[in-house]
Amino acid sequence: MMQCTDIHDRFLFRLITKKAVLYTEMITTGAILHGDCIKQLKFNSSVEHPVAIQLGGSNPEELSRCTKICSDMGYDEINLNVGCPSNRVQKGLFGACLMQDPQLLSECILAMQESTMLPVTVKCRIGINNEDKYEYLENFVNKIINDKMTTLIIHARVAILNGLSPRQNRQIPPLKYENVYKLKNSFPDLEVVINGGIRNLNECLNHLKEVDGVMLGRAAYDNPMITSNVDSILFNANDSFRSRKEILKIYLEYCLQQNENGHPFSKTLKHIFGMNKGMNNAKKYRRLLLDTIQTNNLKNNIDNLISMV
Ligand SMILES: Cc1cc2nc3c(=O)[nH]c(=O)nc-3n(C[C@H](O)[C@H](O)[C@H](O)COP(=O)(O)O)c2cc1C
């Protein structure tokens, strides 16, 4: 998620769940090939695995080069964004508008697969504009699927390419989970991961009766601790459980250390506004966090913050 799942946020989530796959923000091929590639792609290999990088682009040759770079850097999965409806992305002719050109999309996927041994996955919508019927999705997948494709992640809404902002495109088109379920039925060998509007682990468990995986976006970002039972409930692994206090303490110490390395508190502390969501003093905690960012003084407030969760 852009502006959200950066290297710091992924550090936080790894303190909470060891097993969930974490995804980077979308990084465009242009930013990798013409920008500061190392800065864009840096991840913390000692803690982040399994971690997937999400690429945005529509030029097979450029996607191939970026896939190779990311693969060599040690990511575990390369994901292609075919779901973002923003105007900026549409101007670059990638994101959700690639659903309109399955021929080009297939070429992109093939070029990426040929550049790596890693899984190349695609994150798409159930359709675009008014194409919300199941048949559209099935037809689309039939056009892009190939022997090497293992996994599709599907945001269970259409993307409306004209007239809605990206934010509205995450809220207004209705969720049609049944289209994703049906797809799994039609493609039993394909790993199908469902996304969109999933609020908690109970809902995850319900979806997992129909599909192979679930992806959480906003619910997890806004309230990271809802993922605290992911390892035990979804992966049957109990070894990594830490309390909310322990997690916050480690993360705040990380923020201090990052600050010494030049990363402002605004970039690291912004990820923990939801760390005590729903608790009595959530408002007080958020106010103190904001004050800490503004005054640039975490050392003073660290014990107080920890005591509030
Ligand atoms: C701030 C923000 C940034 C996002 N950035 C991306 C992105 O870079 N790539 C992507 O595939 N989806 C992105 N999304 C969409 C989410 O991944 C997800 O598909 C969508 O929010 C629906 O899932 P949710 O209801 O669990 O949040 C973003 C969503 C938000 C709120």
(request) Not counting sequence neighbours, list each pair that qualifies as a side-chain hydrogen bond (donor to acceptor under 3.5 Å, both in side chains) and has a residue in residues 283-292. (result) T292-N301

(request) Could you name each residue pair satisfying ring-ring contact (aromatic ring centres under 6.0 Å, His included) that touches residues 27-82, not counting sequence neighbours? (result)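 The answer is F43-H49, F43-Y75.
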
(message) Taking ring-ring contact (aromatic ring centres under 6.0 Å, His included) as the cut-off, I'd like each qualifying pair that reaches into residues 124-150, sequence neighbours left out, listed once.
(response) none

Are any side-chain N or O atoms of [X] and backbone N or O atoms of [Y], one a donor and one an acceptor, separated by less than 3.5 Å?
X	Y	answer
S186	K182	yes
N169	A159	no
K245	V309	yes
S71	K68	no
R157	P173	yes

Nearest-0.5 Å distance that lies between atom [atom1] in [X] and atom [atom2] in [Y]:
X	Y	atom1	atom2	value
D9	Q3	CG	CD	12.0 Å
N81	S58	CG	OG	11.5 Å
N223	F273	CG	CZ	14.5 Å
N280	M308	CG	CE	12.5 Å
C66	L41	SG	CG	8.0 Å
L305	K249	CG	NZ	13.5 Å

Using the rule that two of Ile, Leu, Val, Met, Phe, Trp, Tyr join whenever any of their side-chain heavy atoms come within less than 4.5 Å, decide whether [X] and [Y] are in one cluster.
X	Y	value
L110	L104	no
F11	L269	yes
M279	M225	no

(message) Just so I know, are the side chains of P60 and L63 near enough to count as touching, which here means a heavy-atom distance under 4.5 Å?
(response) no

Given a cutoff of under 4.5 Å between side-chain heavy atoms of I, L, V, M, F, W and Y, with clusters grown through shared members, what are the other residues clustered with [X]?
X	result
V193	V21, Y23, I153, M215
I7	none
Y221	M1

(request) Check the side chains of S64 and S115 for a donor-acceptor pair under 3.5 angstrom, ignoring hydrogens and angles. (result)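 On atom types as modelled, these side chains qualify, holding a pair under 3.5 Å.
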
(message) Within the 3.5 Å criterion, strictly below it, is a donor on T121 or E77 matched to an acceptor on the partner's side chain?
(response)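 Distance-only check passes for T121 and E77.
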
(request) Measure the acute angle between the ring planes of H8 and H263, then classify it against the limits of 30° and 60° as parallel, tilted or perpendicular. (result) perpendicular

For residues 204-214, tabulate all N or O donor-acceptor pairs below 3.5 Å that involve a side-chain atom, not counting sequence neighbours.
residue: N206; atom: OD1; partner: K209; partner atom: NZ; Å: 2.9
residue: H207; atom: ND1; partner: Y181; partner atom: OH; Å: 2.8
residue: D212; atom: OD1; partner: K184; partner atom: NZ; Å: 3.3
residue: D212; atom: OD2; partner: K184; partner atom: NZ; Å: 2.8
residue: D212; atom: OD2; partner: V192; partner atom: N; Å: 2.8

(request) For E203, enumerate each residue passing the side chain to side chain contact (heavy atoms under 4.5 Å, CB included) test, keeping only those at least two apart in sequence or located in another chain. (result) I198, R199, N200

(message) I'd like to check the salt bridge (charged side-chain N to carboxylate O under 4.0 Å, His left out) partners of E178; sequence neighbours left out, ordered by chain and number.
(response)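 Listed in chain order: nothing, the list is empty.
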
Atom pairs and distances, donor-acceptor, side-chain atoms in residues 84-96, under 3.5 Å, two or more places apart:
residue: S86; atom: OG; partner: V89; partner atom: N; Å: 3.2
residue: Q90; atom: NE2; partner: P85; partner atom: O; Å: 2.9
residue: Q90; atom: NE2; partner: L161; partner atom: O; Å: 2.8

(request) Could you name each residue pair satisfying salt bridge (charged side-chain N to carboxylate O under 4.0 Å, His left out) that touches residues 106-133, not counting sequence neighbours? (result) D132-K176

(request) Could I get the full list of side chain to side chain donor-acceptor pair (under 3.5 Å) partners for E25, not counting sequence neighbours? (result)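 If we apply the side chain to side chain donor-acceptor pair (under 3.5 Å) test to E25, skipping adjacent residues, there are no hits.
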
(message) Among T5, N79, T24, which residue satisfies the side-chain hydrogen bond (donor to acceptor under 3.5 Å, both in side chains) criterion with Q54?
(response) N79

(request) Provide the closest heavy-atom pair for N146 versus Q113 in the form atom of the first, atom of the second, distance. (result) ND2-OE1, 2.8 Å

